[in-house]
Structure formats: C-alpha cells, structure tokens
Amino acid sequence: MLLFSVTFTVFSEDVSEAPTAWPFMDEDQNYYWQRGPEPEVRDPGYGYRQRGMRALGDGIYDGAARFFTSYRNRAEGQEPDFTDATILLLRTRLMQGELEEARRILEHYDEHSDGTPPDEEYYQLHLRFWRAALLMREERYEEATEKIEPLLEDEIYPELRERAYLLLSEAYKRLGELSAAEERLLEFLEKFPESESRTHVFLKLVRVSVALERFSEAVEYLQEAEEVLGEDEAFVHLHRLHVKVHQGEFEEALESYELIKEDIPDAHEPVWWRVLAEFSRRLLEEEEYENALRVLPRVRRLASRDREKAEMLLAQARAEVELEEFEQGRESLQTFIADFPEHEKYYSARVELAEMLEQAGEHLAAVEHWRVAAESEEADLELRYGSFMKLGKRFMEEEEPESALEIFQQTQELPLAEDKRARVLAGAGEAAMAAAAYDQAAEYYGELADKLPETQDGPLARLLQGQAFADNREPEKAAASYRRFVEDYPEHEQAAEAWMSLAETLRESGEVDKSMEALYELAEQFPEDDLAPYSLMEIYQTSRCQGDLERSLETLNRLTADYPDSQLYPKARYHQIYVSFQAGDADSAITESERFLEEFEEDILAADVLLWLADHYDNREQTSSALEKYERVVEDFPETEQALTALFEAAYLHHYRRQEYQESLDRLVELEEQKAAMDEEFQEISARAAFLHGDGLAELGQYEEAAEWFEQAAEKAAESDRRKAARGRVADMRFAVDSEEGAEEAASIYKELLEEEDEMSSSLRENLSYRLGRTLRHLERHEEALDVYLDIVYSYDIEARKGAVRDWYYFARAAHEAAEILISQGRRESAANIYERIGHSRIPTSEEAFERARELRNQDSQENAEE
C-alpha cells in the first residue's frame, strides 16, 4: 500500500542520518536542561529568576520564558545577570523546540552585551555550551563540535566538562562517526569515575555498540549499567529490548517490553521514544502486527511533535489493516485525516482510506476521498494521478462510462510523463468506447498512437482505433487503422489479430478479394498462431458463399492437415462432408461421413452428419436407410434439436413417401414427448410438426382433429407464409366436412387470409385463391368463383410476360375451373379464349388446351349452322 510503504522512514536505523524528529540528545532531559549556574542574590530582578526556575521545573515553559525575559530586562545589560538570563531563556526555548526563538535570543544577546568581566568566565563557558546545544538542535553538527572541543580542557569546570563530553559524543554520533563517539564516552568514564551520569554513559555505549553491530560489547555495557541501576531498573530493560531487537530476537524483546510497559512515561522522553519507535517499526517489518498493536498506542504518547504522532497513528492503521481489523483501521485513518490536515501524508491517508472503503464495498465514500486527493493541487502529482485513475476505474466498474470519461479528461490536464499520459489516453478511449462515443474513442486512440507510439500503450492504441472505427460503422477507416498497425508492428503479439480484424472490415466494405488476401497473409505469416486455423475457416466460408466449392474443399483439406489439434478440426471435417455433398461427390461424402461418425460419435456435429446422410438416402428413395439414420439421431442424441428434426423428417417420410399415416403420427407424438422433456420452445419445428400432424389426421379422415392441429401450427408459426398456410388448411378441414356451414366458414377464412396486409409469396396467394374459388363454386356462388379464378389466370399471365418464372399448376387449374363455369353459363367463346390463353403459356398442357379451345369453337360453329 502506497501510504504505508513510505511511512516509517522516521525510524531509520542509520545513525549517520538521524531523523529530525529526535531531540539533539537522547539522555535524561533534567540533567541537561535544568542544571546551571546559581549566582548569589544581588538585586530584586533575581526574584524573576526564582519564579522562572519554578515554572521551568513544573514544565510551564511559556511562563518560565516570561519570567526569564523580565529577569533579562531588569539586568539592563549588566553582567553577570544579563548572561545568566540569556542562558536560562535559551535553555527554555530549546526545551520547547522553539529554535527560531532561541536563535533570536542569542542575536539579542550579541547586540546588547557590553562584555563579560574576566572574573565571570563561568558564564562565558556555559553560554558557549548552550550555543553548541542550539547548533546541535539545528543539525549543524560540525559547527557544534568546534564550539564544544575547547570545553574538554582539564581546567574547565568539571560539571561543564562532563556535559561537554556527552554533547560531543552525541555530535559525533550524529555525524556518523560512531568510533569517535565511543572514544569520547570511554574517556568520560575514565575522567569522571564518580559521575552520576556513568549509568547513562554505559547505556549510550550500549546504543553505539548496537549501531556498530557489536552486540557482545553492548551486552557488557548493559551489565555495567545493571550494577549501578539494578536488575529491575526499567531503563536497563529498555536497553536490553533495544539489543534484542537488533539481534532479531523478538520474543526476548517482547519479554523485556512486558517488564517496562507500565513504566513508559506519559510524555516525551527521547530515549524511550527512540527505542520503542524502533521496536514498533521492526515488529511491522517482521509482520508481527498483533504485537505491534500492543506497542504502538503507548509509543504514540511519547511522541513530542505532531509529525511523530501522525506517523505512529499511520503505523497503527497499517497494523490494523493487515490484521483485517478494518473498522479500527478506518477509525485510525479518519482520526489522522481529521487531526493532521497539514501533514505531508494527509492525501496519502485519504487514498489509503479510499482503498479500504472500496474493499468494504462502500464505493461512494471511496470516490469522495479519491476525488479530494485527485483535485487538490497541494497533493503529490503521483498521488493525484493515481487517484484520478482509481476514480476512472471505479466509474467504469459502476457502468458510468460518461463519468469515467470526464475524469480521464481532467487527468489529461496534469503535467504527466509520457507513459502516464499514454495510460490516461488509453483510459479515455476505453471509457468512450463503453459510452458508445466511438468517434471520441477513435480520436483518443489515434492521439495515443500518433503522439506516443513508443509507450507501452502506443502500438495497441492503433488496433483499438480500428475497433472504434469498426464499431462506429466506418469500415474503411477501420481497415486503414488495422492496415497501418500490421505495417508498423509486423512482429507485435497481436499482429495476427489485426490481420483478422482487417479481413473482417474489408469484407464489410465490400472488398471481398482484399479480405481474402488478408486472411491468406494471416495464415502464411503466423502459421503457429491460434488464429491461423480460424483464418482458413473464414476463407472456406467466403469461398463457399461465392460458390467456389473447389477452393472451399482445398482450404478445408489444408486446415485438417496442418491443424489436427485445433478446436476447429472436427468442424472442418464436418464441413468437408458438407462440401462433398454440395459438389455431388456422394461417394466421398458418405465415406467421410462414416469416418467422422467413428471418430466423433459423441460430438453434436455427428447428429448433423446423420441428418445429411438420411436426407441423401431419402432423395434417392432409399427410405429404409434414411429412416435408420433418423432413428440413430434420436437414440444417440436424445433431447436435442437435431432429435426433434429427425423425428419430424421421419414422420414426413412415412407420410409422403410411404403413405404410412399412422406411423407418421406415432413419430409426431414422440416428437411432442421429446420436446416436452426438453422444456424448451422450438417454435418453427413445432409449427411444422403440428402441420404434418394435421395432414396425417386429414388423410385418415379425422377432419375435426386435423383442424385443431392446423390451428396450433398457425399459432406457433413464426413465418407469415407458414401461418397463413396453416390457417388455409383449417379452412380445408372445414370444407372437407361437406356441409354448407363448413364451406361458408372455409370461404370466410380464405378471404380473411387474402385480405391481410402481410406480404405472402405468389405461390401461396395462388394456392389460397384457388381453394377460395373452389369453395365458392361448391356454394354455387359462380360469379364470385369466376372472379377469383380469373384473378389467378391474369396475374400469372402478366408476370409471365415480364419474364418471371412461376409455378404453373394453379394457373392451369384456375383456368380450367374458370372455363368450366363459363361453359356452364353457355359462354363457350369466352371459355375457348381461356383455353387458348393456357395454350399460349407454353406449359406442359398447352396442346390439350388448344385442342379444347378448337372443340368449343367447332361446337359453336355447328350450332350456328343448324340455326
């Protein structure tokens, strides 16, 4: 996680670059800050000094500073009070961490001092020490060492020399000169064997030895400290913990922590802070999150600055998140955001909280935190970019591509490096595609491909630009993009895909030959690519549509020979059989069919092959072989659409080829049972089956039942002609019952169908019209019947003269029916004209029609002669 990965630099072990959060010394503050010169009482101003010392002892630093300032003002530049007051003010401000104010105190002193009398060298030396202390706090360690070195002379006051040694050792440690620091501490022990600070020096040596990774010496120094402080002294256990942590012995370190946890100060103590902060950092590094949470809340109390407190709060949040204590982690981050709005990791914390909310499914809340980080100019550029991208991703996942597109457009305004700008353009393109703004998507992808071609997203953008154009129904532009991609990036891992897309768009543009060329390029250049067999399959499909069966079969042969392991292999074998049947090579098709059925007997494609074989045998009137294949489909592939087709075709064969109507009906009943078991609606085959069922019942003379099945066929038929044909058969059944009422109902149905606005084929219209005319004639409505018949005759004649190829059956039947009506009415001349119209149509019965016309005319001539 971004936030936590950068949080703990404050705990760096590198002593040469000590964090600014540490105080300049890590010893007992009281020793350093509250000891000083105690001059004799000389004037009333000294009362301010006394009150200031009491305030300093109580930790009321601002009050102490005010008293010491009054003390300095009363001194009016007189020594040694002026120097004494300056030292006290300087100490107070250093204890507060007010370095600028401390610097101003010294500047004031340098401006107003008239020189310290020689007999007051005591104050001069102490002032030099505190100047060095300020330099230490300002991290000007080399300058500090120059100030301190003179204070080590033997003639200097012993208590001042002690502190100078300790301060100098700290300066060397800060400069990374650990050996020099160790040397000064050892000199201290030699020169001040009775010093009260010996224990602290041994502990400082423990820390220096740990930094030098000389752990055995660290243990020895620790033992020296124990002899003075005692085994139970918390400070000793603290340093034992320090040693164990750096030795990687965390169990022992935790034992030491248990011994001191109740002694941890409530306020900042430098050594406690440093050791325990380091301890918590190492626990987190070792992923000891539960133990880290035992330490972190107590360590937070030791932090002296907001920055340190904030870092510890973030550390606590990290441990809580790692332990999946998300509620606690969220609370810690929310506290951080509320309490430390000026912290450098404020926006990082918001992003981290957004991630947690996102994982918890609280997407709206996450969006708000990302938005704050993204839109704030104070946030780090990398963080803003990441937040914008997260927002874009979230809106895309919420299926709000328009909002995502707005986010990516905002992101483009950031001063981003090329790789990131490319990612933004890619995101904008993706969002525009999802929003169906294909022209915008093409623009974004085009900009990315044109201006940032060397980025990771550059090449792919050209491919996506082609897709955008294709989706925008601009196949010519799409083809140009795909063409440019394969030319610019011939070795790209998606070059084969680009060739396939190029072929598709060229085909959509009507450039079929160029499309085929692209497919051949794919197959030749990338024979090992997964798309190669698919390109061959596309070539086959196009060749078949063009009627080029030779190239179709050649392509399929190549596919099966070169790609026997392809998923397309069975399908290619399947199409080889299909093309062989189409080409009239029945022997080869049958041989390949049998091989296919042996190799892929369980593949659903085998069901189609069986149906083809059955159809082949049926066309050659080998009905037994056809029925055997249909039965095999039903047995091997039950509850499939192919099984329903096989049952229907078997029923059809029984009905029309063999006139075995009951067997046909039995197959249709079985079909209905299969369909019911599948619990699916196969509307078209259901309509055909119902129609055939009605035909079977009609052949058996069961007209009422047949009519019901034809009604079902009409209801299920998706295609208009089939629905009308089924309704026409209902009318046929009404007519077949041989009653005037039935005939009237039949005529009404025929008329209704012919008057519907839905388009119907010419053959169906003639069929229905003829049956209407027949019904009207049966009802002795001869003039109406004659009009219907003549409409059929004249419509056929008109279309035939225009060159239309039509089925002549109903034309001939209608003409004969019309002629018979005319003859019955004594209108033989008109009837002869109708017969001659048949004769002139050049249909197979033309000569018979001419002969009949001559007969009628002869009859008229004889009757006229007799008269």
Side-chain angles (χ1 to χ4, degrees), residues 574 577-578 580-582 584 586-587 589-594 596-597 601 604-678 682-703 705-706 708-710 712-714 716-719 721-722 725-726 728-729 732-733 763-764 767 807 809:
Y574 165 90
I577 299 167
Y578 177 82
S580 295
F581 273 125
Q582 290 289 102
D587 291 340
I590 292 170
T591 300
E592 287 301 315
S593 294
E594 295 301 335
F596 187 92
L597 294 173
E601 61 180 348
I604 191 63
L605 295 177
D608 286 342
V609 172
L610 286 167
L611 290 174
W612 293 342
L613 285 171
D615 185 58
H616 169 75
Y617 291 131
D618 184 22
N619 289 335
R620 283 156 181 74
E621 298 185 4
Q622 298 176 20
T623 54
S624 297
S625 296
L627 285 171
E628 183 270 327
K629 298 303 180 188
Y630 289 137
E631 291 297 332
R632 185 170 168 186
V633 173
V634 175
E635 291 175 5
D636 294 350
F637 301 95
E639 297 187 10
T640 65
E641 191 167 357
Q642 285 86 343
L644 299 183
T645 300
L647 286 167
F648 174 80
E649 295 295 343
Y652 192 91
L653 189 153
H654 280 295
H655 185 105
Y656 291 106
R657 290 277 192 234
R658 294 186 167 188
Q659 288 75 51
E660 297 171 348
Y661 305 121
Q662 189 57 54
E663 286 82 349
S664 176
L665 291 174
D666 291 343
R667 295 286 83 76
L668 293 172
V669 169
E670 189 176 350
L671 186 153
E672 288 299 317
E673 292 173 351
Q674 280 256 11
K675 190 156 62 67
M678 295 168 68
F682 295 96
Q683 193 169 8
E684 189 58 27
I685 200 167
S686 295
R688 293 174 64 197
F691 201 105
L692 184 56
H693 207 131
D695 274 348
L697 291 169
E699 292 291 347
L700 295 173
Q702 300 176 30
Y703 303 124
E705 294 88 338
E708 292 177 4
W709 281 100
F710 288 130
Q712 288 188 36
K716 294 178 178 180
E719 188 232 331
D721 271 14
R722 190 178 301 281
R729 293 292 282 140
D732 293 344
M733 295 303 100
S763 60
L764 179 59
N767 179 298
D807 188 337
Y809 177 78

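- Side-chain atoms of Leu665 and Leu700, non-hydrogen and from C-beta on, do get closer than 4.5 Å to each other.
- Looking at Asp618, its side chain never comes within 3.5 Å of a backbone N or O of Ala614 through a donor-acceptor pair.
- Proximity of Leu605 to Phe596: side-chain heavy atoms (C-beta onward) are separated by under 4.5 Å at one or more points.
- Gln662 CD to Arg667 CZ: the interatomic distance, rounded to the nearest 0.5 Å, is 10.5 Å.
- Taking the six-membered ring where the residue is Trp, Trp709 and His693 present parallel rings, their angle staying beneath 30° rather than reaching 60°.
- Here Arg729 contributes atom CZ and Phe710 contributes atom CZ; the two are 4.0 Å apart, rounded to the nearest 0.5 Å.
- A donor-acceptor pair under 3.5 Å is formed between the side chain of Ser664 and the backbone N or O of Ala651.
- Rounding to the nearest 0.5 Å gives a distance of 11.5 Å between CZ of Arg658 and CD of Glu621.
- Rounding to the nearest 0.5 angstrom, the gap separating the CG atom in Asp615 from the CZ atom in Arg620 is 9.5 Å.
- Two residues are said to be in side-chain contact when any heavy atoms from C-beta on lie closer than 4.5 Å; Thr645 and Glu649 meet this criterion.
- Glu594 CD to Ile577 CD1: the interatomic distance, rounded to the nearest 0.5 Å, is 9.0 Å.
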Which side-chain N or O atoms in residues 627-637 pair as donor and acceptor under 3.5 Å with protein atoms at least two apart or in another chain?
residue	atom	partner	partner atom	Å
Arg632	NE	Asp636	OD2	3.4

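- At least one donor-acceptor pair closer than 3.5 Å links the side chain of Gln674 to the backbone N or O of Glu639.
- The side-chain heavy atoms of Ser593 and Phe581, taken from C-beta on, include a pair separated by under 4.5 Å.
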side-chain contact (heavy atoms from CB on, under 4.5 Å) between Leu597 and Leu613, intermediate numbers included: CA-CA 11 Å; Leu597 294 173; Leu613 285 171; 4.0 Å; yes

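- Annotation: Tyr574 is in aromatic contact with Trp612 [ring centroid separation under 6.0 Å].
- Contact detail for Ala626 and Leu653: the closest heavy-atom pair is CB-CD1, 3.8 Å.
- In the model, His654 has no side-chain atom that pairs as donor or acceptor with a side-chain atom of Glu663 under 3.5 Å.
- Summarising the geometry, atom CD belonging to Glu670 is positioned 5.0 Å from atom CG belonging to Leu647; distances are rounded to the nearest 0.5 Å.
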